[in-house]
Structures are given as C-alpha cells and as structure tokens.
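None of the values given here were measured: they were computed from a predicted structure.
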Amino acid sequence: MTRTSRFLAPFMIAALLLSSVALLLPSQLVSAAGEEWEIRMEFVTTPNNGSVIEDDPLIFGTTAGGNVGVPPPSPPGADARAFLGANLLEERKAPLAAGETRTWTLTLVKSSTADPPWVPETSMTLSWEDVTAISLGTFPLDATITLTGHGQNVNMRAVQELVLPANNYTFTITVTSRGDPDEVWVDDDFSGTDGTYEGTVNGTVLVYGYNAFTDIAYGIEAVSGSTVHVLAGTYSAFNITTDDMTVVAEEDGAVVNTFYDPWDTRQQAMAYVGWDFWDGYVPAENATIDGLIFDASGRSAGCDYDDGSAAIRYADSTGLVDSVEIYDVRFDENMYQGFGIVVHSAPQNTVTIRDAYIEGCNIGIYVGDDTIAVQDCEISGGGSYSSYCATGIFVDEYGTATISGTEIHGCYDDNYMPFNPEAVIDSISNVGAGIYVAEYGTAIVTGCCDIYANEVGILVEYGGALTANGNNIYD
C-alpha cells in the first residue's frame, strides 16, 4: 500500500489559480457540509501582471457574491480580462445535487478599449502548476478546465504554461458532484475536522468527514455495502447492520480495545454484526471482518464488559472473519464467560472463521442455533495452571461446527484435576476442553486438526454428535 504524507490545506478552499504561482484544482474537489462548495479563480498574466477578473477573485459556489458581467467601463489598458456574458450570480450560488453537472464559460480578452467589441492587441502568457487542494465539506466535485480559441484546445490540468497569440479565448469550467463515497478510510491520526485534506492513499484523495474518519464506526455510517479500510491505530467498538460490508485492516496494528462505541455506548461485542443499540437486531448478510486485532486485556483502563461479552458477535447474520487476533475476553472467577467469537440465532446461516488467532478467552469460539466453518485457526487457553476456565470451541444446542486444520491447546479448568469421565456434568464451567459438543450440537472435525495439552481433547455431552477423522489429539 502506497501512502503519502498528510497535508492540511489552509481554510480548505479549493482554488483555481491560473498564474505563475499555482493551479490548485485536484481531480476531486469537496464541497462544504449541506452541499456547499466553492471554486475560487484568480488570473494573472505576463508580461503585464494585471488583474484579469471582474469580480476579483471570481468565485463559483454557494459563497459567491458580486456581479459578473462585461468588464467595467473604466479603460482596461493593457490588462487582460475574463468575464461571463451575463450576471449569473444565482446560478453560481446554487447547491449541486449528487450527480449533477454544471458548466460556466468565461471569455478572456486583452484589449485597450473599454467598450465592445474588444479587439485583442498583444500576445499574453499564462503559467501555473497543478497542485492538490481541497475545499471545506463532504461532497466531492470532479472538475475539468479547458481553454479554447484561435486554434487552441487545451486541458489546463495537463500543462503548466501557454503563450497565447493576440485573440479572444474561452475558459470552460465544468463541475460534477459525485455523491456518496465508494469506500472510506479510517486512521485515528486524522484531524477529526470536517473538510480537512488528509492526504492520499493509493491515489485516492482523502477528506475528513467525506471518505476519511478517525473511528471505524464513523466510516461504517458513511457507506453501505462497501469497504472500510482501517490503518494502524486504536479504535472503538462498532456495529455492522448492512449487507456486503467489509472492515479490513490495511496495516499491522489496527486495534479495537474497548466495548464502548464512539458515542460512549457499551456493547456486548467489540464488533457486533446484526445488532444495533438503537434498532436492536438487524441481520446483515456477507459481513467481513479482516485483519483487525481485538484486545480486551486493558480492563483497568476502561475495557470493562459483562458476562457473555465477545470480541466479535454475529447475530442472525452471515459473513467471514479472516486473519483476526483476539486476546483476553474472559473472567477469572464466578461463573461468567467471555468469548472470542460468538455466532448464534440463524440455523441456516454460515459464518466462516479463517486464520484467526484467539488467546486467553473463556470460550474461543461459540456457536449455538447456527452454523460455522472454522478453518486453519489457532486457539490457546491458559494452560494447566491457568487462573480461568477455557474451552477452545463450544458447540451449543442446534449449533453445527465444521472444523479443519485448526490447532487448539492449553484449555483447562481453573481448578484443574485429572479428568474423571464419570464426573461429567452439564456445564463447561468445571472442565476445560479443546472442543465441547453440547446436547443437540454437531461437530465435524477433519483436516488434520492438532488438539493437544487440554484437560479434555473433545468432550461430547449425551445427545451431542461428533464426526472426527484424520486429526491429532494428544497430551
């Protein structure tokens, strides 16, 4: 991933400077909140370096003011001037709706006469640079600028200098509002101020409040059925309640370390798919969580949670959990349980858990009244002298788990004694197991799983179902 350093554009004004200083107009301009936007134009020519705009500067956008008609009656001397054919102030000020395109045409002349017809007298030189700048706001604009006349047809975004023979020329400015962003980026180092230019990632211009945010939950709110790219940093809990949403870590060290969302609401999961605090259960299909780290080890630093809390929870939803790391969602006493990943409430749905590393949870992965596929994961308990009870994978009533290529170890009761099969009772609270299959639960364990150094390798309650072939189960 290629990422530039971040730049803060002063006052976030998108300026078009046709001068020897700069042409400040990116391929994506961003308008202000409430569909406000602004392009500011100032013209300077050589050799005369005279003002060439009326009003000066000429402003297109909701902040526009003044009259822009023909040049004023005062003698223009040797200055070049650009003007609209009529006063179009109201049109210049009108907001742009998503997807709307608007075009303005200015005439550039260089003449010594005050009244029309203006006759060009001498050549002029325009020079500029194409430098990225962003205006305040949340709606982007695509912008093009061309210069035509006297045989010229110039894309002023592609060249930096023109020598213009004596003639009249036309600038055509076209802007198009692009509407909602396709994807968004999250970095806890972003400014947090709407409209701030946050640099570029992989060629995409980032503007805070439009396609750049400081927390994952804010990014999810900005898109639907899209991707939230997360850069290294520390983030709050989040919910996914729309289909086809992906939250993916694009750098190492993207960590969620609290059960509180950015609005200070405590949740039962750091990442909760299919549920929202305000709307309750809202099933989501094809929700992907990829590469994030979920760390609940800092309870004294505010990462407090309740019995049944999980790093990731899918409720009546489908999707993929890929390459995540989960640490220390657990209770060391009482009968409470903390979970790495919980999948429940939708028998026909499937969540695939792939390449996950889960350490230090009371239950690494739980499925009940739902189906999961666990592939190439590693689940680690606290070992034979652990302070907490641990089970690697717990398949509860009407749950189905297909487990392959997975390593499960170190799962013991906190008061470990050599296991007595005759003492099995209906709770995992007093036995640690690599895999625990409850009554009416079903587990299929294949693909050379390594299940070792657990109090019990696989424990099946009466009425549970187990199919296990080609695995390594040992002390």
Side-chain angles (χ1 to χ4, degrees), residues 249 252 288-297 310-312 314 319-330 337-343 350-368 370-396 399-414 416 419 428 431-438 441-460 464-475:
D252 293 336
T288 297
I289 300 172
D290 186 354
L292 296 174
I293 298 170
F294 297 87
D295 187 356
S297 61
I312 300 171
Y314 277 71
L320 171 66
V321 179
D322 193 3
S323 304
V324 302
E325 299 177 27
I326 298 172
Y327 298 95
D328 299 330
V329 188
R330 71 167 183 263
Q337 301 290 347
F339 300 83
I341 300 171
V342 171
V343 180
T350 299
V351 174
T352 298
I353 302 165
R354 184 173 64 199
D355 294 320
Y357 178 79
I358 302 173
E359 177 184 301
C361 299
N362 296 125
I363 299 176
I365 298 173
Y366 171 96
V367 59
D370 212 320
T371 59
I372 60 172
V374 181
Q375 302 168 354
D376 303 317
C377 296
E378 181 178 355
I379 304 172
S380 175
S384 59
Y385 296 98
S386 175
S387 62
Y388 62 96
C389 182
T391 290
I393 299 174
F394 182 61
V395 186
D396 208 348
T400 299
T402 301
I403 305 160
S404 62
T406 292
E407 181 179 351
I408 306 172
H409 57 91
C411 295
Y412 284 83
D413 178 27
D414 55 343
Y416 170 65
F419 179 61
I428 62 169
V431 63
I435 299 172
Y436 192 110
V437 185
T442 300
I444 301 97
V445 186
T446 62
C448 200
C449 290
D450 285 325
I451 304 171
Y452 63 94
N454 302 292
E455 184 174 352
V456 180
I458 302 176
L459 191 155
V460 184
L466 171 68
T467 301
N469 294 299
N471 303 289
N472 301 310
I473 305 174
Y474 55 96
D475 290 335

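In plain terms, the two heavy atoms of Phe294 and Ile289 that are nearest each other are CZ-CG2, 4.0 Å. Pairing each heavy atom of Val437 with each of Ala443, the nearest pair is CG2-CB, 3.6 Å. Ser297 and Asp328 make their closest contact through CB-OD2, 3.4 Å (heavy atoms, listed as atom of the first residue, atom of the second, distance). Contact record, Ile358 with Ile365: CD1-CG1, 3.6 Å, taken as the closest heavy-atom pair. Taking each heavy atom of Val329 and Ala296 in turn, the nearest pair found is CG2-CB, 3.7 Å. Contact record, Gly434 with Cys411: N-CB, 4.3 Å, taken as the closest heavy-atom pair.
Remark: His409 NE2 to Tyr474 OH distance equals 9.0 Å, nearest 0.5 Å. Distance check, rounded to the nearest 0.5 Å: CZ of Arg330 to CD1 of Ile363 gives 14.0 Å. The structure places CD1 of Ile473 at 4.5 Å from CD1 of Ile451, a figure rounded to the nearest 0.5 Å. Rounding to the nearest 0.5 Å places CG of Asp475 at 9.0 Å from CG of Asn454. Rounding to the nearest 0.5 Å gives a distance of 7.0 Å between CG of Asp252 and CD1 of Ile293. The distance from atom CD1 of Ile393 to atom SG of Cys377, rounded to the nearest 0.5 Å, is 7.5 Å.
Scanning for side chain to side chain donor-acceptor pair (under 3.5 Å) contacts around Asp290 gives an empty result, with sequence neighbours left out. Contacts of Glu325 classified as side chain to side chain donor-acceptor pair (under 3.5 Å), with partners at least two apart in sequence or in another chain: Tyr327. Ala249 meets the side chain to side chain contact (heavy atoms under 4.5 Å, CB included) test with Ala254, Leu292; sequence neighbours excluded. The side chain to side chain donor-acceptor pair (under 3.5 Å) search around Asp450 returns Asn472, not counting sequence neighbours. Residues meeting the ring-ring contact (aromatic ring centres under 6.0 Å, His included) test with Tyr366, sequence neighbours left out: Phe339, Phe394. For Ala468, the side chain to side chain contact (heavy atoms under 4.5 Å, CB included) partners at least two apart in sequence or on another chain are Val445, Leu466, Asn471. Listed by chain and number, the residues in a side chain to side chain contact (heavy atoms under 4.5 Å, CB included) with Ser404 are Gln375, Thr446 (sequence neighbours excluded). Residues satisfying the salt bridge (Lys or Arg N to Asp or Glu O under 4.0 Å) test with Asp322, not counting sequence neighbours, are Arg354.
Under a 3.5 Å cut-off, the side chain of Glu455 and the backbone N or O of Tyr412 do not form any donor-acceptor pair. Put simply, the side chain of Asn362 gets close to the backbone of Cys389: a donor and an acceptor are under 3.5 Å apart. The closest donor-acceptor contact from the side chain of Asp396 to the backbone of Gly368 lies at 3.5 Å or more, if one exists at all.
Ile408 is listed as a side-chain neighbour of Ile435, based on a closest heavy-atom distance under 4.5 Å.
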Stepwise, does the side-chain contact (heavy atoms from CB on, under 4.5 Å) test hold for Ser380 with Tyr357? CA-CA 8 Å; Ser380 175; Tyr357 178 79; 4.3 Å; yes
Pair Ile341-Val321, side-chain contact (heavy atoms from CB on, under 4.5 Å): steps then yes or no: CA-CA 9 Å; Ile341 300 171; Val321 179; 4.0 Å; yes
So Ile372 and Thr350, side-chain contact (heavy atoms from CB on, under 4.5 Å) or not? Walk me through it. CA-CA 5 Å; Ile372 60 172; Thr350 299; 6.0 Å; no
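Under 3.5 Å, the side chains of Thr400 and Thr442 contain no donor-acceptor pair of N or O atoms.
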